[in-house]
Amino acid sequence: MTRAARPRIVPVYVVVPPRVLLLDVAGPIEVLRKANMEQADLQYAVRYVSPSLRLCSSIGLDVTGMQPLPETLPDDAVVVISGSADEPLPRLSDVGPVAVEPKDDARLETEIVDWLARSIRPGIRLVTICSGAVLAGRAGLLDGHDCTTHHGTIGKLRDSAPRARVLDNRLFVEDGERLTSAGITAGIDLMLAMVSRDTGHGVALAVARYMVVYMRRGGADPQLSPWLEGRNHIHPVIHRVQDAVAADPSRDWQVATLADLSAMSPRSLSRLFNQQTGLSVTDYVNRMRIALAHDLVAGSRLDMENIAQKAGFSSTRQFRRAWNRLHTLPPAHLRRELDRGDVA
């Protein structure tokens, strides 16, 4: 009996600050939980850490069970810094609403900043959710990096990290090992992007569908990622077909094969697929193949013949014809532009 390969473990340390926004923790970490369920090759192992083992959250609910900030971090760790609220929700008492006193909040935040400054090193990914970027900025960890935060704390981030390149109006920004997001649900978008890079597009798409959210691109590009085209619907059968194609675009996908997968006739599938996505089945398959080919053009040194084959096209000519329908630059030209850094 062949033993299954052991999964790669990615240690994730969630830094919980005073007045923590619970959505900043629950949303992104739920993405990781579901990603663990969708595949077995890589597993995220999460630990919640804080300078205090008991904190009041943004909604007035106490959070406990955190572990102390560790002395050292593994080389491949991911550190996630949650955002916090300016004022927690008052608690209702017998005499009416009672404001939550900040107590040691400033001291605890300083402890987090000092810990970040001495603990984050090359090889460790730093992820900030919402105003968590301000703590990273105070630690000097965003200096020289593109970054963003919640629109309400953009000014505070600029003051805290004057050498950072703070970008407005972004869902999230990825700059090397620095990943920053706006608030609050944009943290889910950022974590989906990280999962997509770690485990593949198919896993991230399945997680997004489970959470009933739509994956969106970060950066300045307003266009939807080609891997996510035709996904703005909630029909489970069509999503299942799209998941199968996106997970293996190079496969010889015939409408009849996908109809069997969906337990429908080819004619019914074609009609329903077009109604839900605005695309024909064949057009969708070709778009997924071109998305894969684009990744290979940008991220490998394969020649165009090998790229065409790996992307599922029967010939280089067929590949180029499909490519030219979606891109203004030929693939070889695009690669040259990317090599020169002229294309983002």
Side-chain angles (χ1 to χ4, degrees), residues 1-2 4-5 7 27 30-44 185 188-189 191-217 223-296 308-315 318-319 321-323 325-326:
M1 178 178 177
T2 303
E30 183 65 18
V31 172
L32 302 187
R33 183 189 75 86
K34 188 60 178 174
N36 284 350
M37 297 173 63
E38 288 292 331
Q39 48 78 48
D41 293 334
L42 181 148
Q43 296 287 285
Y44 298 99
T185 55
I188 295 175
D189 295 301
M191 204 60 78
L192 284 168
M194 190 182 83
V195 165
S196 177
R197 183 166 287 107
D198 287 351
T199 65
H201 301 290
V203 173
L205 288 168
V207 174
R209 189 176 75 250
Y210 165 78
M211 297 183 70
V212 199
V213 298
Y214 302 119
M215 292 175 63
R216 299 168 288 189
R217 292 195 67 181
Q223 298 181 5
L224 193 68
S225 163
W227 293 100
L228 310 172
E229 285 186 282
R231 287 283 185 164
N232 193 12
H233 65 87
I234 58 173
H235 199 291
V237 172
I238 301 304
H239 274 304
R240 185 162 66 245
V241 169
Q242 291 175 298
D243 286 347
V245 176
D248 187 10
S250 62
R251 182 174 168 180
D252 183 17
W253 290 113
Q254 302 293 325
V255 175
T257 305
L258 293 169
D260 288 341
L261 179 66
S262 61
M264 302 174 68
S265 70
R267 182 176 180 180
S268 295
L269 173 63
S270 295
R271 182 172 59 251
L272 183 62
F273 195 97
N274 185 268
Q275 288 173 350
Q276 296 294 324
T277 69
L279 301 167
S280 71
V281 174
T282 301
D283 190 22
Y284 181 77
V285 170
N286 280 334
R287 284 171 181 264
M288 294 302 97
R289 289 174 175 169
I290 290 299
L292 174 58
H294 185 281
D295 287 353
L296 292 172
Q309 182 180 13
K310 287 184 177 295
F313 292 100
S314 60
S315 66
Q318 184 194 35
F319 161 53
R321 288 174 59 188
W323 177 281
R325 295 190 191 102
L326 300 173

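Side-chain atoms are counted along with the backbone in the values below, which use heavy atoms only and exclude waters and symmetry mates.
Counting heavy atoms from C-beta on, the side chains of Leu269 and Ile238 come closer than 4.5 Å. For the pair Tyr44/Val31, no side-chain contact is recorded, criterion being any heavy-atom separation below 4.5 Å from C-beta on. Side-chain contact between Trp323 and His294: present, with at least one pair of heavy atoms (C-beta onward) separated by less than 4.5 Å. Side-chain contact between Glu30 and Met211 is present, with heavy atoms from C-beta onward closer than 4.5 Å. Between Arg197 and Met194 the shortest side-chain heavy-atom distance does not fall below 4.5 Å. No side-chain heavy atom of Lys310 sits less than 4.5 Å from a side-chain heavy atom of Leu292.
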Working for side chain to side chain contact (heavy atoms under 4.5 Å, CB included), residues Thr199 and Asp41: CA-CA 8 Å; Thr199 65; Asp41 293 334; over 6 Å; no
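In this structure, CZ in Arg271 is found 7.0 Å from OG in Ser265, a value given to the nearest 0.5 Å. Taking CG from Leu326 and CG from Asn286, the interatomic distance works out to 8.5 Å, rounded to the nearest 0.5 Å. Note that CD of Gln275 and NE2 of His235 are 9.0 Å apart. Values are rounded to the nearest 0.5 Å. The line from CD of Gln39 to CG of Asp198 is 9.0 Å long, rounded to the nearest 0.5 Å. Taken to the nearest 0.5 Å, the OH atom of Tyr284 stands 4.0 Å off from the CD atom of Gln242.
A pairwise comparison of heavy atoms in Ala35 and Val195 identifies CB-CG1, 3.8 Å as the closest pair. Smallest separation of non-hydrogen atoms from Ser315 and Ala308: O-CB, 4.0 Å. The nearest pair of heavy atoms linking Ala246 to Leu205 is CB-CD1, 4.0 Å.
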Pair up each side-chain donor or acceptor in residues 253-264 with any protein partner under 3.5 Å, not counting sequence neighbours, and list the distances.
from   : atom 1 : to     : atom 2 : distance (Å)
Trp253 : NE1    : Asp248 : O      : 2.8
Gln254 : NE2    : Asp252 : OD1    : 2.8
Ser262 : OG     : Leu258 : O      : 3.1
Ser262 : OG     : Ala259 : O      : 3.0

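Heavy atoms from other residues, nucleotides or ligands lying under 6.0 Å from CD of Gln309 number 12 at most.
Looking only at distances, a side-chain donor or acceptor of Gln318 sits under 3.5 Å from a matching main-chain atom of Ser314. Side chain of Gln43 to backbone of Pro7: no donor-acceptor contact under 3.5 angstrom is found.
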